[in-house]
Visitor: 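Let me begin by handing over the structure; questions about it come next.
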There are 2 protein chains.
Amino acid sequence: MKQAKLNRCRCPLANAIAALGNKWKPVIIIVIKNRSLRFGEIAARIRVISRKVLTDQLKEMVADGLLTRQEFKELPTRVEYRLTEKGIALLPIFSLLEEWETKFVTEGNMQMSISPGK
Amino acid sequence: MKQAKLNRCRCPLANAIAALGNKWKPVIIIVIKNRSLRFGEIAARIRVISRKVLTDQLKEMVADGLLTRQEFKELPTRVEYRLTEKGIALLPIFSLLEEWETKFVTEGNMQMSISPGK
DNA sequence: AATACTGGTTACTTTATAGTAACGGTTATT
DNA sequence: AATAACCGTTACTATAAAGTAACCAGTATT
């Protein structure tokens, strides 16, 4: 989907998906919520993400204006990430998506069969 | 993101993104809307998608319960696709995403500068 | 001098997604 | 018999996203 970043089309939805439709960004967004979280705290809350992928995604999200990164001159280093207004605006949308997914669980595509009888 | 389809996690958002977060599915969904469209009509409305990718996506979406496929025994062949209840439930969510994208356009990351100059 | 902490980076491999171009099957029309 | 319409499939290639494992830099403590 990097391609879509270059040749942006006139379709806003495609552009939104190009920016958000990858494996981790939405998860990172709902994990951070309305507070600031340190790098290590994000990593701890999404244990299965690799360090490299996490930093890659965070960098892109900062570049896209979804996150701010604040580095404190302390020791050991402390870096805090926080959603921007733009990022926060996604929270209710992702909530709806979660509700949608929860409502329409796709367990191997089970059909609501109408007749429960023999 | 096929992987996420196999090892589904407990995070509904990640599962939703695994099912929807690719280049074309959301576009296909908002193109079909509340009506039924023939294969050729979908292709005509998304001219830049390749035939192969379109059929791949449609098949997956039928398998995921987002679409129904109805084949008419006519000539030449007529096949109509229609969103299921599950697919239709995404329309308002994608509308919000479109609004979000439109509101926060990321033209090379321009900053709203506060002072409009002297 | 070695170890530990945090927040990364680097080089490399693996896997998934998208794309291209040609072909196939059915039936009607010319 | 060839052509056209529609809805695909097939084999192959290209590109992008994700993952692994080792390494680095600054500072403090032991």
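Here is how names work: the chains are called A, B, and so on, in the same order as the sequence lines, proteins then strands, and each is numbered from 1.
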Visitor: Tell me: CG of A:Asp56 to C1' of D:dA17, nearest whole Å?
Guide: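 After rounding, the gap between these two atoms is 10 Å.
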Visitor: Which listed nucleotide (C:dG8, D:dT9, C:dG25) is nearest to the side chain of A:Arg69?
Guide: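 Between C:dG8, D:dT9, C:dG25, the one nearest the side chain of A:Arg69 would be C:dG8.
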Visitor: Atom CG of B:Leu54 to atom P of D:dG8: distance rounded to whole Å?
Guide: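 It works out to 9 Å between those atoms.
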Visitor: Does a donor on one side chain sit under 3.5 Å from an acceptor on the other, for B:Gln57 and B:Asn22?
Guide: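 The criterion, which ignores hydrogens and geometry beyond distance, is satisfied for B:Asn22 and B:Gln57.
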Visitor: Rounding to a whole Å, what distance do you find between B:Lys52:NZ and C:dG19:C1'?
Guide: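 Between C1' of C:dG19 and NZ of B:Lys52: 7 Å.
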Visitor: Output yes when B:Glu60 and B:Lys25 qualify as a salt bridge under the 4.0 Å nitrogen-oxygen rule, no when they do not.
Guide: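 Answer for the salt bridge query: yes.
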Visitor: From the list C:dG19, D:dG8, C:dG8, which nucleotide is the closest neighbour of the side chain of A:Val79?
Guide: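 Selected nucleotide (nearest to the side chain): C:dG8.
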Visitor: Does B:Gln57 make a side-chain N or O approach to OP1 or OP2 of C:dA18 shorter than 4.0 Å?
Guide: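 Indeed, a polar side-chain atom of B:Gln57 lies that close.
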Visitor: Expressed in angstrom and rounded to an integer, what is the separation of A:Ile28 atom CD1 from D:dA18 atom P?
Guide: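 Going from A:Ile28 (CD1) to D:dA18 (P), I get 10 Å.
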Visitor: Rounding to an integer number of Å, can you tell me how far A:Glu41 CD sits from C:dC5 P?
Guide: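 That distance rounds to 16 Å.
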Visitor: Could you tell me the separation between the CD1 atom of A:Ile49 and the C1' atom of D:dG19, rounded to a whole number of Å?
Guide: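 The answer, rounded to whole Å, is 11 Å.
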Visitor: Could you give the distance from CG (A:Leu90) to CD1 (A:Ile29), rounded to the nearest 0.5 Å?
Guide: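 Between A:Leu90 CG and A:Ile29 CD1, I get 5.0 Å after rounding to 0.5 Å.
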Visitor: Atom CD of B:Gln70 and atom CZ of B:Arg82: how far apart are they, to the nearest 0.5 Å?
Guide: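 Rounded to the nearest 0.5 Å, the CD-CZ separation comes out at 8.0 Å.
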Visitor: So which one's nearest nucleotide on DNA chain D is more toward 5', A:Pro76 or A:Val53?
Guide: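 Final value for this comparison: A:Val53.
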Visitor: Please give, in whole Å, the distance from D:dG19 P to A:Lys23 NZ?
Guide: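 Those two atoms, NZ and P, are 4 Å apart.
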Visitor: Roughly how many Å is it from CD in B:Glu74 to P in C:dG25, rounded to a whole number?
Guide: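 So the CD-P distance, B:Glu74 to C:dG25, works out to 22 Å.
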Visitor: Looking for any heavy atom pair under 4.0 Å, which part of the strands does B:Lys73 touch: base, sugar-phosphate only, or nothing?
Guide: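 It contacts nothing in the nucleic acid.
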Visitor: With heavy atoms under 4.0 Å as the rule, sort B:Tyr81 into base, sugar-phosphate or nothing.
Guide: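 Answer is sugar-phosphate: B:Tyr81 comes under 4.0 Å of backbone atoms only.
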Visitor: Heavy atoms from C-beta onward define the side chain here; which of C:dG19, D:dC7, C:dG8 lies closest to that of B:Phe39?
Guide: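 When the side chain of B:Phe39 is considered, D:dC7 is the closest of C:dG19, D:dC7, C:dG8.
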Visitor: By nearest atom, which of the nucleotides D:dA21, C:dG7, C:dG19 is closest to the A:Arg38 side chain?
Guide: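 Shortest atom-to-atom distance from the side chain points to C:dG7.
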Visitor: Between A:Arg51 and A:Leu75, just flag the one whose closest nucleotide in DNA chain D comes earlier from the 5' side.
Guide: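 Nearest-nucleotide comparison on DNA chain D picks A:Arg51.
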Visitor: Is A:Thr55 reaching over with its side chain to a backbone N or O of A:Arg51, donor-acceptor style, under 3.5 angstrom?
Guide: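 Yes, A:Thr55 side chain to A:Arg51 backbone: donor-acceptor pair under 3.5 Å.
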Visitor: Does a nitrogen or oxygen in the side chain of B:Lys59 sit under 4.0 Å from OP1 or OP2 of D:dT9?
Guide: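 Checking D:dT9 against B:Lys59, a side-chain N or O does come within under 4.0 Å of OP1 or OP2.
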